[in-house]
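Worksheet: the structure to be examined is printed underneath.
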Amino acid sequence: MTKELRGVKPRTFKQKYFSDPVSAFVVFFFLLIFKILPLDAASFCGEKLGSLMGLLFKAKNKTAIHNLTKVFPGKTEEEKKRIIREMWKNLGRLCGEIPHLNKIVRTRMQVEGKERLKLAATQAHTQTGGFFFSAHIGNWELCIRVAQYFNIPIHGVYRMANNPWIEKFLFEKRQDDKSELLPKGTVGARKMIAALKKKEWIALLTDQKANEGIAAPFLGFDAMTTPSLAKIALKMKLPAYPAHIVRLKGAHFKIVIQDNIRPDLPDTDENVYQMTKKMNEIISDWIYERPEQWLWIHHRWDKKEYKLKTKK
């Protein structure tokens, strides 16, 4: 797929010839180190890198504090700071584990709801495709790898990196002949529908803000959420399985596949809203259970909130 089809945005002169290649070099350097190291060592070193990132990215920490204060008003400042420290450690470990994802799936993964994965694999291409939806929790990069391990024909929808060097590297390295990464947007949507018509499967992370979405409760507050999954699932009568990765200890994980949540109802605006609301409720439960494993640094609610917070 060309850069135009993937929608890589034009960059300024400074970005194109300085900041983009420099930041890409740093990312590639660390990924090379992580690839050379054994899995446990890479995960451990990633944790240390994550702790360093937490010290450097102070603006991100302010966003996280705002989100945590909104969602958990009863928590003390120290409790919120502890969650943020653990969040950065988890994010760093995720980075360290990227070159070792297949090994993790083969040797470090517990599966809860295995029968649902086997059913999806059995029905693919002959009876139905469908959706797995997840969130930026635990090591979310493992979700597609687990589906592939169970021989499910699956494609992931992703947000393109702003840096075209990193985008090209990640795009090429994170897919193979059986699984294509579909960029968010018109081109990706067309490819997603084509895959579903072939009774293949789509994986999406649905926990981030969708400016063109609908307002649905998320962690106790209305948040703009994509209704696309619910619309397509209801229209095409496709299953939608919640699936999330739990970090147990170090580089050991559990994936939890829950029951299909698509109601056997017609494709109406109200049913789309109710299904989208249900998705948000499920993801919220995951976050309430393990807040330190979710990515709190995203502007999940109205950006005006964060701007006002910064001015104070």
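Only a predicted model underlies this, so the values are computations on that prediction, with no experimental measurement involved.
In this structure, Asn260 contributes its side chain and Ala240 its backbone to a donor-acceptor pair below 3.5 Å. Checked by atom type and distance alone, the side chain of Arg116 pairs as donor or acceptor with a backbone atom of Ile257 at under 3.5 Å. No donor-acceptor distance shorter than 3.5 angstrom exists from the side chain of Asp222 to the backbone of Ala215, with no hydrogens or angles considered. Between the Asn90 side chain and the Gly138 main chain, a donor and an acceptor come within less than 3.5 Å of each other. Put simply, the side chain of Glu79 gets close to the backbone of Thr76: a donor and an acceptor are under 3.5 Å apart. Formation of a donor-acceptor pair under 3.5 Å by the Asn280 side chain with backbone atoms of Thr225 is not found in this model. In this structure, the side chain of Thr226 does not engage the main chain of Ala210 through any donor-acceptor pair within 3.5 Å. Judged by distance alone, with hydrogens and angles left aside, the side-chain atoms of Tyr306 form a donor-acceptor pair with the main-chain N or O of Arg300 at under 3.5 Å. Looking only at distances, no side-chain donor or acceptor of Ser43 sits under 3.5 Å from a matching main-chain atom of Asp40.
Ring planes of Trp286 and His244: parallel class, angle under 30° (limits at 30 and 60°). The aromatic rings of Trp88 and Phe57 sit tilted, their planes meeting at an angle between 30° and 60°.
Looking at Glu86 and Lys89, a side-chain N of the basic residue comes within less than 4.0 Å of a carboxylate O on the acidic one, giving a salt bridge. Salt-bridge annotation for Lys237 and Asp267: absent, with no side-chain N of the basic residue lying under 4.0 Å from a carboxylate O of the acidic one. Taking a cutoff of 4.0 Å between a charged side-chain nitrogen and a carboxylate oxygen, Lys118 and Glu115 do not qualify as a salt bridge. Between Glu292 and Arg85, none of the side-chain N atoms (NZ, or NE/NH1/NH2) sits under 4.0 Å from a carboxylate O, so this pair counts as no salt bridge.
By the 4.5 Å heavy-atom criterion applied to side chains, Ile137 and Ile245 are not counted as neighbours. Annotation: side chain of His299 is not in contact with side chain of Lys209 (no heavy-atom distance under 4.5 Å). Using a 4.5 Å heavy-atom threshold, the side chains of Pro239 and Thr128 count as touching. Residues Trp296 and Leu68 have side chains in contact (heavy-atom distance under 4.5 Å, counting atoms from C-beta outward). Under the 4.5 Å side-chain criterion, counting only non-hydrogen atoms from C-beta, Arg93 is in contact with Glu97. Within the 4.5 Å cutoff, the side chain of Leu181 has no heavy atoms near those of the His155 side chain. When side chains are defined from C-beta on, Ile282 counts as touching Ile261, because their heavy atoms get closer than 4.5 Å. Between Lys199 and Gln127, the closest side-chain pair of non-hydrogen atoms is not below 4.5 Å.
Residues Tyr241 and Leu205 are members of separate hydrophobic clusters, defined by side-chain heavy-atom contacts under 4.5 angstrom among Ile, Leu, Val, Met, Phe, Trp and Tyr. Hydrophobic clustering, with ILVMFWY side chains joined whenever heavy atoms are under 4.5 angstrom apart, keeps Val105 apart from Leu94. Cluster annotation: Val246 and Ile287 are assigned to distinct hydrophobic clusters (Ile/Leu/Val/Met/Phe/Trp/Tyr, side-chain heavy-atom contacts under 4.5 Å, transitive). Transitive grouping of hydrophobic side chains (ILVMFWY, heavy atoms separated by less than 4.5 Å) brings Phe221 and Tyr288 into a common cluster. Linking Ile, Leu, Val, Met, Phe, Trp and Tyr residues whenever their side-chain heavy atoms come within less than 4.5 Å places Leu182 and Leu238 in a single cluster.
Ring centers of Trp165 and Phe18: at least 6.0 Å apart, outside the cut-off. Close placement of the Trp201 and Phe132 rings is indicated, their centers lying within 6.0 Å of each other.
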Verify side-chain contact (heavy atoms from CB on, under 4.5 Å) between Leu56 and Lys58, making sure each step is shown before the conclusion. CA-CA 6 Å; Leu56 295 176; Lys58 295 181 179 179; over 6 Å; no

Quick one: do Lys278 and Tyr273 satisfy side-chain contact (heavy atoms from CB on, under 4.5 Å)? Show the steps, please. CA-CA 9 Å; Lys278 179 65 175 177; Tyr273 171 77; over 6 Å; no

Go through it in stages, so that I can follow the logic: the residues are Ile154 and Glu200, the test is side-chain contact (heavy atoms from CB on, under 4.5 Å), and I'd like the CA-CA distance, side-chain angles, deciding distance and then a yes or no. CA-CA 6 Å; Ile154 192 165; Glu200 296 175 344; over 6 Å; no

CA sep, side-chain torsions, deciding dist, call: Trp294, Phe218, ring pair (Phe, Tyr, Trp, His ring centres under 6.0 Å): CA-CA 13 Å; Trp294 189 59; Phe218 182 81; 5.8 Å; yes

Start with the C-alpha distance between Glu78 and Lys81, add both sets of side-chain angles, then the distance that settles salt bridge (charged side-chain N to carboxylate O under 4.0 Å, His left out), and finish with yes or no. CA-CA 5 Å; Glu78 182 51 41; Lys81 289 178 180 178; 5.6 Å; no

Audit row: Met224, Ile214, side-chain contact (heavy atoms from CB on, under 4.5 Å) steps and yes/no: CA-CA 5 Å; Met224 298 302 288; Ile214 60 175; 5.6 Å; no

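In summary, the side chains of Arg247 and Asn139 do not present any donor paired with an acceptor at a separation below 3.5 Å, with no hydrogens or angles considered.
The distance from the CD1 atom of Ile152 to the CD atom of Gln123 is 10.5 Å, given to the nearest 0.5 Å. For the atom pair CD1 of Ile193 and NZ of Lys198, the computed distance is 13.0 Å after rounding to the nearest 0.5 Å. With values rounded to the nearest 0.5 angstrom, Glu180 atom CD is found 9.5 Å from Ile202 atom CD1. One finds the OG atom of Ser228 at 10.5 Å from the CD atom of Glu212 (value rounded to the nearest 0.5 Å). The line from CG of Leu229 to OG1 of Thr276 is 8.0 Å long, rounded to the nearest 0.5 Å. Between atom CG of residue Leu295 and atom NE2 of residue His298 there is a gap of 9.0 Å, rounded to the nearest 0.5 Å.
Remark: Asn211 engages no residue in a side-chain hydrogen bond (donor to acceptor under 3.5 Å, both in side chains) (not counting sequence neighbours).
Heavy-atom contacts from other residues, nucleotides or ligands closer than 6.0 Å to NZ of Lys75 number more than 12. Around the NZ atom of Lys70, the shell of radius 6.0 Å holds more than 12 heavy atoms that belong to other residues, nucleotides or ligands.
Residues Gly130 and Leu196 approach most closely at O-CD2, 3.7 Å, considering heavy atoms.
For residues 24-44, the ring-ring contact (aromatic ring centres under 6.0 Å, His included) pairs, not counting sequence neighbours, are Phe28-Phe169.
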